[in-house]
Novice: 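Have a look at the structure that comes next, please.
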There are 2 protein chains.
Amino acid sequence: MNYPTSWLTSMSIGEKIACEVRLKIIRGDIAVGSVLSENHLAKDFGASRSPVRDALRVLANEGLIRLERMGAVVLGLSKKDIEELYDVRILIETHLLKTLSKTDQTSLSQELSKVIDKMTMAMEHRNPIDFSYQDLLFHELIVIESKHERLLRVWYSLKPVVLTALLVATAKRFEVDYDEIQLLIDKHKLIIDALLSQDDHVIERTLLEHFQDTRTTVYDSLMKEDLQ
Amino acid sequence: MNYPTSWLTSMSIGEKIACEVRLKIIRGDIAVGSVLSENHLAKDFGASRSPVRDALRVLANEGLIRLERMGAVVLGLSKKDIEELYDVRILIETHLLKTLSKTDQTSLSQELSKVIDKMTMAMEHRNPIDFSYQDLLFHELIVIESKHERLLRVWYSLKPVVLTALLVATAKRFEVDYDEIQLLIDKHKLIIDALLSQDDHVIERTLLEHFQDTRTTVYDSLMKEDLQ
DNA sequence: AGTTGTGTACTTGTATACAAGTACATTTTA
DNA sequence: TAAAATGTACTTGTATACAAGTACACAACT
């Protein structure tokens, strides 16, 4: 599986390279500890060093590589990374759901239901690319609705890695555990219910359980036989 | 006041330009809504477009500018931005203090006390640059001690803007309300007390009050007469 | 006077060249 | 044989050139 070309529209060459390299790192196609150089990547992608340099800075920002004086070291995505990424999301999304639940959210819950419908259609069409896109869009809409721009910015900084990991995990899930996709969809409905319950404890518990499942799934799907 | 040259050691040209431009934007020397171009900035700084391009991407990541097809629009740092930046810090640091308080933190509290001593020395030497550096280091040590690398990464992504705003605010505070610096120092001691209390509610209240003061101070110090 | 077309000056994305630094391989020396 | 010195091939940071796109000023037309 390559990075979905439909997601690459209107991207610069540097952005495209960042997406392709990100996917390879997260899938383990590029080994942790290996050293990337601008010249090598430029040759590999048939581009000049300028967009490669841009791409490497993006990936360094995402914590997937560490830029050094000579070459960039691949840090990869460990189990701890995945757990911590979901920690950050739990912190942000729980806080924002609690805040949003203080006011009438009929409109938002309807929007979220529509996204769940699209997840269902993606499941029925056996389309993991669209499914993972809608899955993350569900959460994105919550953060957007909070109108907290700085938390949205933090959330967006996590998005490329989370979406790529989710894409890989979902593709595998569609192959191996297709029967459980419906359960994933149902769990998103629980979040809407928690939002409408206006109960902080219910929100907290629902989000913890939701992300507990998700990060276990993502982690299991990403890991090769030999644990990192 | 220019950006402290002692903080610019071992930086690339691009990093230096980012720091200088960040300070000018936060101080309001570069107006919100104005348009920056790579060519203009390159000429201003006597550099080529490459490091300027790097710098602009850093500032865009920090939400101070928005890169567009033709030029970069200055977004600046509004009151809402400052409030939201401290919201993010409250979310992160409260969560981490609660987590840390579950275990023995004698060592950390001693380190934090040392930093408070340095804040006191900086106050006595009337050195706002070192004072603001130690102030933020106090909080940084807490986040580092949590060993939560992804939250640390988020915290570090806020740091350049927060430190620059704090620097400007502290410089003004030293001029205008020097007598109240001691109160700032005392409030940091309260955080250590809250950590050692091992009481989640105490931690929550202490952090809220601490940052309530800080963001009001930062905001008041940054604003010109005409509100944005 | 208003609208349309053309030209110009600007922007950024990308390609390429150069300089300085780094790391390793090879040669020289003791 | 081991240590030191030298050479080479690589890296990145930065400078500069080129192409494509954009926005505005100016000229021509109605």
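Numbers restart at 1 for each chain; the letters A, B, ... are given by sequence-line order, proteins then strands.
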Novice: Going by side-chain hydrogen bond (donor to acceptor under 3.5 Å, both in side chains), name the residues that satisfy it together with A:Ser10, two or more places apart in sequence or in a different chain.
Specialist: none
Novice: For A:Glu140, which residues count as a side-chain hydrogen bond (donor to acceptor under 3.5 Å, both in side chains) partner, sequence neighbours excluded?
Specialist: A:Tyr156, A:Lys159
Novice: Just to be sure I understand the rule, does A:Asp54 reach a base, reach only the sugar-phosphate, or reach nothing, if contact means heavy atoms closer than 4.0 Å?
Specialist: nothing
Novice: May I ask you to say whether A:Asp213 pairs ionically with A:Lys187, meaning some side-chain N is under 4.0 Å from a carboxylate O?
Specialist: yes
Novice: Would you mind reading off the distance between B:Glu68 atom CD and D:dA23 atom C1', rounded to a whole angstrom?
Specialist: 13 Å
Novice: Tell me: CE of B:Met11 to P of D:dT14, nearest whole Å?
Specialist: 12 Å
Novice: Please confirm whether the shortest side-chain N or O distance from B:Ser37 to OP1 or OP2 of C:dT11 is below 4.0 Å.
Specialist: yes
Novice: Keeping to residues at least two apart or across chains, list the ring pair (Phe, Tyr, Trp, His ring centres under 6.0 Å) pairs with something in residues 42-73 of chain B.
Specialist: none
Novice: Taking 4.0 angstrom as the limit, do B:Glu68 and B:Arg66 come out as a salt bridge?
Specialist: yes
Novice: What is the distance, to the nearest angstrom, from the CG atom on A:Asn39 to the C1' atom on C:dA15?
Specialist: 13 Å
Novice: My understanding is that only residues two or more places apart in sequence, or in another chain, count here; which of them pass ring pair (Phe, Tyr, Trp, His ring centres under 6.0 Å) with A:His188?
Specialist: A:Phe138, A:His139, A:His210
Novice: Provide, to the nearest angstrom, the distance between the CZ atom belonging to A:Arg69 and the P atom belonging to C:dA23.
Specialist: 9 Å
Novice: C:dA15 P sits how many Å from A:Lys43 NZ, rounded?
Specialist: 15 Å
Novice: Between the protein and nucleotides 16-20 of chain D, which nitrogen or oxygen pairs are less than 3.5 angstrom apart?
Specialist:
unit_1, atom_1, unit_2, atom_2, d
D:dA17, N6, B:Arg49, NH1, 3.4

Novice: Where the side chain of B:Met70 is defined as all heavy atoms beyond and including C-beta, which of C:dT12, D:dG21, C:dA23 is the nearest nucleotide?
Specialist: D:dG21
Novice: Between B:Asp81 and A:Arg150, does any side-chain N to carboxylate O distance fall below 4.0 Å?
Specialist: yes
Novice: Rounded to the Å, how far apart are B:Ile13 CD1 and D:dT12 P?
Specialist: 18 Å
Novice: Between C:dT11 and B:His40, is there an OP1 or OP2 to side-chain N/O distance shorter than 4.0 Å?
Specialist: yes
Novice: Under 4.0 Å from any atom of DNA chain D, heavy atoms only: list the residues of residues 55-67 of chain A that qualify, in numerical order.
Specialist: none
Novice: For B:Arg53 and C:dG13, is the shortest distance between a side-chain N/O and OP1 or OP2 below 4.0 Å?
Specialist: yes
Novice: Please tell me which of the listed nucleotides, C:dT11, D:dC10, C:dT14, lies nearest to the side chain of A:Pro51?
Specialist: C:dT14
